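Structure first, then comments.
This is a predicted model, so every value here is computed, not measured. Just so it is clear: chains get the letters A, B, ... in the order the sequence lines come, proteins before strands, and each one is counted from 1.
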Amino acid sequence: MKRLDTVLLGIVFIVWSALALMYATVPMIQMATAFRVWGFGAMLFLVLAILAAGAKRGSK
Amino acid sequence: MTKTKSKLIAGTRNLNPGDKNLLLAFFSIAVLALALGIVFATMTAAGRTGLFGIESATAYRMLGLHGVTIFFYWLYFVQAGFVLLLAAVYTEGAGEVALRPLAWLGFVTMLAGMVSSESSYFGGTILLYDGNPSLLIDDPSEGRFFYLGYVLLSAGLAMVATCAIATAVRPKFRGVIESWTPISFAAVAWSGLLLVAAVAGANAFLPPLFWTLGLRESVAGYAMSWSVLFHNMHYLPLMATVVLWYVLMENVTGMQSVFGPKFSKIVFAIYMIFVPPTSLYHMFLEPDLAEAVRVVGSLLSLFIAVPTILVFVVIVASLESYARAQGGRGLFGWIKLLPWRNPVMAAVGMAAVNMALGGVFSMVLIQERLAVLLSDTFYVPGYFHFLTVGGISLTFIAALIYVIPSLTGHRCWRPAVLARLPYILTIGLGLFGAGGIAAGYHGVPRRIFELAYHVDDPVEHIDAPFVWGTMMGVIGAGSLLMAAVLAIYVYALLRMLFSQNREIGVDVASLYVVSWSGSAATRERAWVGPLSILAMVAAMYGFTALSFEILQRVPILVGAAGH
Ligand code: HEM
């Protein structure tokens with residue numbers, strides 16, 4: 001279950017990063033500056049995934 | 001009445017006095033914002049329906065105040081309180097809110113934002129809740145306090161969300177727990193999305209704030225920045241609602257998800273995964289959007305309801321399995337075993353019905369061809385009030401009925417009365433929604449208060465259709481009923497916040513519940529969840545087809561505008 005928290009938040013990071021990149025690089029979508037928001041979100045979920053993995057060994 | 005071992009009630013009661021005061025501050029301002037929002041809603045509805053002879057200009061200002069107060073401040077103060085509460089109560093080993101001074105700073109910043117936004121209407125701003133800066137071309141300075149309010153709200157929310165994350169993470173770092181419960185996992189994801197919304201808020205509102213202060217020449221790309229923020233703002237309260245359903249159902253029946261905690265976490269994570277890809281449809285009204293993007297956006301937006309539907313199925317299937325293990329019979333007979341006398345159960349039950357109705361009608365608008373025809377009509381407020389009032393706000397109120405007395409130690413005000421209100425609210429919404437949707441098909445515009453028109457063409461005399469007036473009357477009747485019910489709820493919540501009268505009301509832990517915990521029956525049949533989804537999909541399909549049919553018969557000239 002500890003790994004599940006990290007894996008799920010990590011998947012969110014991957015999906016958000018991919019979409020942020022797409023929004024930034026495909027002009028047809030007309031959402032270039034949305035990159036800032038989704039890109040920030042991707043980084044945030046990466047940090048959360050790392051925090052979720054940070055539990056001390058030997059804990060419940 | 002059965003005594004319950006509600007984790008929500010017990011955990012909230014066990015919080016330390018400092019945390020209780022913090023949460024009470026958030027919930028008190030939330031209730032105040034709800035009360036103000038209802039007053040402004042009543043005035044708006046009166047303006048639209050000709051009641052009380054309110055002038056159009058006043059009614060328009062009331063519409064602005066209604067949207068801002070209720071959509072931004074009610075929904076975000078109440079979410080701020082709940083995200084902190086759930087992180088503190090449902091994370092094993094947390095016990096208290098982390099970084100409490102930062103949470104207080106967040107509260108003060110959000111409150112300053114609310115004062116700033118509301119006061120902008122007395123300074124003469126003509127903005128509606130979407131803050132379209134093009135309305136300020138003549139005098140940008142009129143929008144200063146409006147945008148400042150939203151920027152402060154975003155900053156405050158970011159602080160609160162940081163505290164909620166810290167609350168959930170701290171026990172992990174202290175080695176007290178290894179993994180989160182599904183609810184604390186959901187609280188972390190919800191806080192993450194709140195932080196993203198705060199950044200989206202800064203991204204959307206800082207440029208117009210600087211413009212109104214004379215610090216920049218113009219504002220470019222507002223429609224897109226707003227639509228990204230607005231997309232997050234759709235998702236956040238929806239996610240909050242289903243998380244609270246999960247919590248409240250556990251507390252009134254003792255059930256646990258029959259699919260197990262892992263699956264619940266996966267479903268909450270799916271919420272996060274679907275947020276960015278489904279954001280495209282807000283751009284449908286942009287005239288130069290490529291056709292391919294429109295089609296892809298339309299397809300992707302079909303997924304928007306998937307996470308909500310999944311949580312709904314998890315909850316209904318679990319309830320059904322537990323109820324059958326208690327002897328519930330028949331396809332629907334088990335539903336009678338649920339504790340409907342409990343005001344929280346009644347509210348959540350009706351919230352689910354209203355969400356389903358709102359969901360069915362909303363699907364029509366993500367068809368890009370129908371969106372263009374209906375987006376500027378009363379169809380839009382007609383359908384989304386099912387979601388905002390009947391689904392989301394009713395769920396928050398239900399949760400407050402449990403939480404406020406647990407924080408104050410006061411009694412739950414007249415539970416028998418409160419248990420009947422959700423049904424009356426739903427009747428009011430039915431009138432408002434049916435009238436509004438029908439009005440939308442007949443072309444009644446949204447946000448326009450002067451409905452009468454007369455074109456004296458030499459060939460043809462055109463008047464506003466007579467039927468418009470009839471439909472606005474139905475909307476007015478529904479509005480009054482909704483306002484009356486919500487006013488009673490506000491009164492009840494105020495009594496629970498401030499009154500120590502022991503004569504009226506019931507100890508919240510003694511509200512009628514059923515205790516099914518431990519009786520999980522994983523092998524019981526549970527058909528109603530999946531069947532209701534099938535029924536919803538059929539209704540969505542049928543209603544969308546009907547909409548195409550109706551609109552093909554209406555001669556319409558389209559001039560698409562923004563949201
Ligand atoms: C007593 C309950 C309520 C009544 C009678 C009511 C009535 C109305 C009416 C008549 C409009 C104007 C429609 C138009 O002309 O476009 C409106 C707009 C709106 N309402 Fe409500 N409402 C209620 C509660 C709520 C709640 C609880 C929420 C959200 C949590 C909400 C959110 C909104 C929003 C976002 C708008 C659109 C504002 C705009 O277009 O600028 N309402 N409401």
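Contact annotation: the side chain of A:L8 approaches that of B:K265 to within less than 4.5 Å [non-hydrogen atoms, C-beta and beyond]. B:V199 is not listed as a side-chain neighbour of A:R36, based on a closest heavy-atom distance of 4.5 Å or more. For the pair A:F40 and B:N203, the minimum side-chain heavy-atom distance is 4.5 Å or more. In this structure the side chain of B:F185 reaches within 4.5 angstrom of the side chain of A:L9, judged on heavy atoms.
When the candidates A:V15, A:L19, A:V47 are compared by the number of heavy-atom contacts under 4.5 Å with chain B, A:L19 comes out ahead.
The CG atom of A:L48 lies 5.0 Å from the CD1 atom of B:I165; values are rounded to the nearest 0.5 Å. The structure places NE2 of B:H231 at 5.0 Å from CH2 of A:W38, a figure rounded to the nearest 0.5 Å. Taking NZ from B:K262 and CG from A:D5, the interatomic distance works out to 11.0 Å, rounded to the nearest 0.5 Å.
There is no contact between B:L229 and chain A, counting heavy-atom distances below 4.5 Å.
Minimum interatomic distance between A:V12 and B:A269 (heavy atoms only, all atoms of both residues): CG2-O, 4.1 Å. The nearest pair of heavy atoms linking A:F45 to B:A189 is CZ-O, 4.2 Å.
The main-chain N or O of B:M272 is found under 3.5 Å from a side-chain atom of A:W16 such that the two form a donor-acceptor pair.
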